[in-house]
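Letters A, B, ... mirror the listed sequences (proteins, then strands); counts begin at 1.
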Protein chains: 4
Amino acid sequence: MNTKPAARPGRPRDEATHRAILRAANRLLHEAGYGGFSIEGVALRAGVAKTSIYRRWPSKGALLLDLYMEGLAPATLEPSGKKVRQAFAAYLNQTVERLKDAGWSNTLRSLVAEAQNDPALARLVRDKVIEPRREDGRRLLEHGMKTGEIRRNVDIDITLDFVFGAIWYRLLLGHAAVDEAFARRATAELFKRIGSDHAVP
Amino acid sequence: MNTKPAARPGRPRDEATHRAILRAANRLLHEAGYGGFSIEGVALRAGVAKTSIYRRWPSKGALLLDLYMEGLAPATLEPSGKKVRQAFAAYLNQTVERLKDAGWSNTLRSLVAEAQNDPALARLVRDKVIEPRREDGRRLLEHGMKTGEIRRNVDIDITLDFVFGAIWYRLLLGHAAVDEAFARRATAELFKRIGSDHAVP
Amino acid sequence: MNTKPAARPGRPRDEATHRAILRAANRLLHEAGYGGFSIEGVALRAGVAKTSIYRRWPSKGALLLDLYMEGLAPATLEPSGKKVRQAFAAYLNQTVERLKDAGWSNTLRSLVAEAQNDPALARLVRDKVIEPRREDGRRLLEHGMKTGEIRRNVDIDITLDFVFGAIWYRLLLGHAAVDEAFARRATAELFKRIGSDHAVP
Amino acid sequence: MNTKPAARPGRPRDEATHRAILRAANRLLHEAGYGGFSIEGVALRAGVAKTSIYRRWPSKGALLLDLYMEGLAPATLEPSGKKVRQAFAAYLNQTVERLKDAGWSNTLRSLVAEAQNDPALARLVRDKVIEPRREDGRRLLEHGMKTGEIRRNVDIDITLDFVFGAIWYRLLLGHAAVDEAFARRATAELFKRIGSDHAVP
DNA sequence: TGATAATCGAGACGGTACGTCCGGTCTTGAC
DNA sequence: GTCAAGACCGGACGTACCGTCTCGATTATCA
């Protein structure tokens, strides 16, 4: 059994180049934000030819999306034995922690900005960024309904719009910080609405 | 008492030019979206010199903001005798109605995208777009608390983040439509627990 | 008998404005040369409206020409009792002296540069700047022929092309200075064979 | 032995693009003169991006200079066995012939006009246009002095100023044509002054 | 071992738009 | 009718990036 992909003919892609691009992109996004983020700038900083970027990513947005995927690990939203409320609180706290990194928050903000331009990217963002989180949330809520932590008459979609929406809203419009206080209050308010009376001791 | 503005020296700005720019900008935004929206394109379509645009608006974003301000009228969110729930429902329906216009929704989406670039614009957007709506909402909720329609323990800020956030979230990420169904379900969900038990007969 | 021009209706032109424009133009030409010379710049420096310049001069070139005419006085080239050779030497020395002023030399250089653009100006330059000098020179040479200082077989036009040409050539191409040494050597060379053998003792 | 130039990295410049630019520039200069000569216009006519022009020439003037260098061939001024007088006459006739082409004369006139703006260009014009011709002339005159065709007391610099000056003077100020009659009369007048008595039979 | 092929860097290519400058004209209210 | 002020349309400037392309050189697989 061979885990290696079928070796293509020709010179293989250089892993180092790949990493250099992602690192440079992250750095540029961190320092200059969406406005200062250009393929040309990334290539320059990475010491890489523009071609080497376009060979891997068809557009600026695709690179941004990969930047997101690369750094994804932390935030999880799963019914992992914990109480539903605790799982939500943990997710929000991880998110808050993650967004403290300017590179990361700029990546997300740029991704949305770029998607306003680029329908293909918009679809990818929905499929890779938005839906997986919603799916996690949906499963968690349904789990909570079974355990009795969540009331049965909750409108799951709208509830997910409320909680994820609040995060994006604060992130993109910037009228208030996405911080620990937000995580705490959002969780509290969420469960004030959706928690079963008897489930919250 | 003089209502006329203190006549500035020099040739006054041409109102027709002003309107032509806004109209052309709207049209372009309607047809080509954020990606196809350029000062040059607006100037061309309006039959106006680029300088005439830059004289009025320092940046693309400032023009977008004015485009928003111009078309503002419809959506209101006031405790105008009606029940709080009805006021919210009316606001969401007006918003839904408004966003059916591609020009208008592109204006809002572009405004947010552009603001990711431009901190000065971001501040203006918060002051002119975000905060006024939040303030309306805040007043309405407080009014509802007095009348007993809204429970006293509601976290107003977070609640506003939930409901406005959901709108922006759907608008910008596009995973679901901002339509009548959304308005209905969001209102319902909002009042499921936010409303005092005895206030909704 | 009235020397005053027939009084036109309306507010008379302001002499001070006129002078302010010329002074500012000269200053700008002195400091920034042809490249930095713009009607807009002159208006700004003179504290005058652009209109007030265009009312008086139809184009940049016309203003430059007037700048030349204003400062004309010094250089004369007349058979004023002196020997022809002395008259020429005096003319060249006056010219050299005049051109030491950067404003003046820039005026002349700009006038020629501008005339390459503007046939109407080119004609004016010929009529007001070139021909009068040539006419003076022609009269002087003819006078010299009568007195025997200048040989009869001299081609006057070509001779004038040689001597005035040399000045413009040095002024515009800048390969060598238009200075006292030039004046001396040019006069000497001019009279080496142009002068009758017996006329120069 | 390798005559190939050390191949620079990257895609080599396209010779066709280069030629298209020069051809378009020449055409534009021919048709519209200095006033109508713009980088933008050249790019449009050549079907070339503006950047492709700026990549090669840092300024309008640099392009004009290359236009001059490209079309240089014809005029020679060398002591090629001929008599000095004949060499001068030939040079002037070649120059006259060359200047009949509006493209060529506009190139020279524009070059001088532009150089009034641009000290760097002025220096290049002196080095590439003015001095080589003067150097040819200087060698020719010195050669003539050795053969006895030119008198020993001639001031070479001033003589060159006279004859080249006359050409530029007529070209730039336009008070008289640079034509065959001019060539003939200028040669005659020149040798009336500088020719040794015994050398002109 | 040598042909084939995809990679690498570098950088040229045609484009689009940027934001600015200046040209020359027009339009105010005040004088 | 002039004045200062300043708006108007238009053309060009020089720059930044876009995404594509063409080079010579390098590094792999496959015959």
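In this structure, C/Lys60 places its NZ atom 11 Å from C1' of E/dC21, rounding to the nearest Å. Atoms CG (D/Leu44) and C1' (F/dG11) sit 13 Å apart, rounded to a whole Å. Counting to the nearest Å, the P atom of E/dT25 and the CD atom of C/Glu40 are 14 Å from each other. Put simply, CD on C/Glu15 is 10 Å from P on F/dC3, counting in whole angstrom units. The CZ-P distance, from B/Phe37 to E/dT16, rounds to 19 Å in whole Å. Atom CZ of A/Arg13 and atom P of F/dT29 are 16 Å apart (whole Å). The distance from atom CG of B/Asp14 to atom P of E/dT28 is 9 Å, rounded to the nearest whole Å. Atom CG in A/Leu63 sits about 15 Å away from atom C1' in F/dC18, given to the nearest Å.
Residue whose closest nucleotide on DNA chain E sits further toward the 5' end, between B/Ile39 and A/Arg11: A/Arg11. Along DNA chain F, the nucleotide nearest D/Pro12 and the nucleotide nearest B/Thr17 are compared for position; the residue whose nucleotide lies closer to the 5' end is B/Thr17. Nearest-nucleotide assignment on DNA chain F puts the 5′-proximal partner with B/Gly10, out of D/Gly35 and B/Gly10.
When all heavy atoms of D/Trp57 and D/Ala62 are compared, the pair lying nearest together is CD1-O, 3.5 Å. Nearest heavy atoms, A/Gly61 versus A/Glu114: CA-CG, 3.9 Å. Between D/Asn106 and D/Leu29, the shortest heavy-atom contact is ND2-O, 2.7 Å.
Every pair passing side-chain hydrogen bond (donor to acceptor under 3.5 Å, both in side chains) that includes a residue from residues 13-25 of chain D is listed here, sequence neighbours excluded: D/His18-D/Arg56.
Expressed to the nearest 0.5 Å, how far CG of D/Leu121 lies from NZ of D/Lys128 amounts to 12.0 Å.
For the pair B/Arg45 (side chain) and B/Ala25 (backbone), a donor-acceptor distance under 3.5 Å is absent. Judged purely by atom type and a 3.5 angstrom limit, B/Gln116 uses its side chain to pair as donor or acceptor with the backbone of A/Leu172.
Using a 4.0 Å cut-off on heavy atoms, the residues of residues 45-59 of chain C that approach DNA chain E are C/Lys50, C/Thr51, C/Tyr54, listed by number.
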